[in-house]
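Model, not experiment: these values are computed from the prediction.
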Amino acid sequence: MDKYKVYKRMVLADSVGKMVPIGTYDGIMYQPVYAGNNNFTGQRLYPKHHNTYLRMPAAKALLAIAATLKQQGYGIIIWDAYRPYTISKKMWGLVPDERYVANPAKGSGHNRGIAVDLTLYILDTGQELDMGTGFDNFTDSAHHGFKGLNAQQQANRNLLKKAMEEHGFTSLATEWWHYSWSGKTFPVLDLSFGQLAKLTD
């Protein structure tokens with residue numbers, strides 16, 4: 001049985017595992033870094049036009065976070081969420097370093113539809129909050145415990161971390177932008193964005 005049919009059967013058996021598109025909700029902007037070549041691989045890994053996805057409970061939690069942050073004047077920018085397993089293998093082939101890239105032998109939260117890479121922006125101006133580094137910055141300055149941030153940068157990271165953790169996401173110590181929903185474990189998926197669009201959009 002192919003992977004597409006396996007996924008459909010799984011969702012029919014338990015809808016909690018459904019992949020939900022999240023890139024077009026109010027207060028959320030999707031900026032797919034891997035749909036261009038301006039990323040750490042130097043290659044375009046995703047199709048130019050696609051939505052991004054999370055498993056249903058993780059998606060619901062993220063939408064609740066977006067609603068809470070909107071009341072404070074902030075929106076969410078998503079750089080990556082669901083990542084097909086094939087893409088993780090390609091990333092590993094380009095940068096086989098577990099400090100920066102998930103080893104596909106283990107699968108990742110992105111492959112399971114429970115991890116999201118994100119930041120915050122000011123709704124009124126569209127300006128990103130200063131987090132001290134950009135996305136996929138593979139240095140100590142991206143770590144949550146880094147002591148070289150100024151007061152505003154640290155406050156901005158704390159704002160994001162508090163919002164995410166209050167809704168069941170956990171942080172990754174070495175990447176301030178990466179959070180994984182901790183409520184349930186799901187299997188690795190290797191469906192394309194086009195396949196998911198047929199089932200969800």
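Residues L62 and I78 are in side-chain contact: their nearest non-hydrogen atoms beyond the backbone lie under 4.5 Å apart. The side-chain heavy atoms of M91 and R83, taken from C-beta on, include a pair separated by under 4.5 Å. Between K60 and P57, every side-chain heavy-atom pair lies at or beyond the 4.5 Å cut-off. With a 4.5 Å cut-off on side-chain heavy atoms, L123 and Y74 do not count as touching. No side-chain heavy atom of L54 sits less than 4.5 Å from a side-chain heavy atom of V20. Using a 4.5 Å cut-off on side-chain heavy atoms (C-beta onward), L63 and I28 make contact. Between R112 and L189 there is no side-chain heavy-atom pair separated by less than 4.5 Å. Here the side chains of L196 and H50 are not in contact, with every heavy-atom distance at 4.5 Å or above.
The minimum heavy-atom distance linking P96 with G93 is given by the pair CD-O, 4.3 Å. A pairwise comparison of heavy atoms in K89 and P104 identifies CG-CB, 3.7 Å as the closest pair. Across all their heavy atoms, F193 and P47 have their closest contact at CD1-CD, 3.8 Å. Nearest approach of L149 to S141, heavy atoms of both residues: CD2-O, 4.5 Å.
Follow the hydrophobic side-chain contacts under 4.5 Å out from L172 and you never reach F135; the two are in separate clusters. In this structure, F146 is not a member of the same hydrophobic cluster as L160, with clusters built from ILVMFWY side-chain heavy atoms closer than 4.5 Å. A single hydrophobic cluster is not seen to contain both Y82 and Y85; linkage of ILVMFWY side chains at heavy-atom distances under 4.5 Å, directly or through other members, places them apart. L118 is connected to F40 through a chain of hydrophobic side-chain contacts under 4.5 Å among Ile, Leu, Val, Met, Phe, Trp and Tyr, so both are in one cluster.
For Q72, the CD atom sits in a packed shell: over 12 heavy atoms of surrounding residues, nucleotides or ligands are nearer than 6.0 Å. No more than 12 heavy atoms of other residues, nucleotides or ligands lie within 6.0 Å of CG in N38, so this atom counts as exposed by the packing criterion.
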Exercise for review: Before giving the answer on side-chain contact (heavy atoms from CB on, under 4.5 Å), spell out for Y30 and T24 the whole-Å C-alpha distance, their side-chain angles and the decisive distance to 0.1 Å.
Suggested key: CA-CA 7 Å; Y30 180 38; T24 58; over 6 Å; no
Check your understanding: Given the rule in the side-chain contact (heavy atoms from CB on, under 4.5 Å) test, do L159 and L120 qualify, once you have shown the distances and angles that lead to the verdict?
Key -> CA-CA 9 Å; L159 174 65; L120 302 178; 3.7 Å; yes
**Study point:** Residue pair W177, V116: steps toward the side-chain contact (heavy atoms from CB on, under 4.5 Å) verdict
**Key:** CA-CA 8 Å; W177 56 83; V116 58; over 6 Å; no
Check your understanding: So Q153 and D130, side-chain hydrogen bond (donor to acceptor under 3.5 Å, both in side chains) or not? Walk me through it.
Key -> CA-CA 6 Å; Q153 291 165 344; D130 181 1; 3.1 Å; yes
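Checked by atom type and distance alone, the side chain of N103 never pairs as donor or acceptor with a backbone atom of E98 at under 3.5 Å. Proximity of a side-chain donor or acceptor of Y7 to a complementary backbone N or O of M19 within less than 3.5 Å is detected. Under a 3.5 Å cut-off, the side chain of D190 and the backbone N or O of P84 do not form any donor-acceptor pair. A donor-acceptor distance shorter than 3.5 angstrom exists from the side chain of H167 to the backbone of A163, with no hydrogens or angles considered. When atom types are taken as modelled, the side chain of N111 and the backbone of S108 share a donor-acceptor pair closer than 3.5 angstrom. For the pair R55 (side chain) and G17 (backbone), a donor-acceptor distance under 3.5 Å is present. Side chain of E165 to main chain of K162: no donor-acceptor pair is present (N/O by atom type, distance under 3.5 Å, no hydrogens or angles). Side-chain atoms of S171 do not come within 3.5 Å of backbone N or O of A173 as any donor-acceptor pair.
Atoms CG and OG1, from L45 and T86 in turn, are 11.5 Å apart once rounded to the nearest 0.5 Å. Note that the CD1 atom of I76 and the CD1 atom of I22 stand 8.5 Å from one another [nearest 0.5 Å]. Of the inter-residue distances, the one linking R157 atom CZ with M131 atom CE reads 8.0 Å to the nearest 0.5 angstrom. How far CG of D140 is from NZ of K147: 13.0 Å, rounded to the nearest 0.5 Å. Rounding to the nearest 0.5 angstrom, the gap separating the OG atom in S15 from the NZ atom in K18 is 8.0 Å.
Screening T133, N156, D117, T119 against W176 for a side chain to side chain donor-acceptor pair (under 3.5 Å) leaves a single residue, T133.
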Do any side-chain atoms of residues 179-188 form donor-acceptor pairs under 3.5 angstrom with protein atoms, and if so which ones, sequence neighbours left out?
unit_1, atom_1, unit_2, atom_2, d
S180, OG, H178, NE2, 3.4
S182, OG, G168, O, 2.7

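Residue pairs satisfying the salt bridge (charged side-chain N to carboxylate O under 4.0 Å, His left out) criterion with at least one member in residues 28-48, sequence neighbours excluded, are absent.
Comment: K161 does not engage E166 in a salt bridge, judged by the lack of any side-chain N to carboxylate O separation of less than 4.0 angstrom.
Annotation: side-chain contact (heavy atoms from CB on, under 4.5 Å) contacts of N39 (sequence neighbours excluded): V33, Y34, T41.
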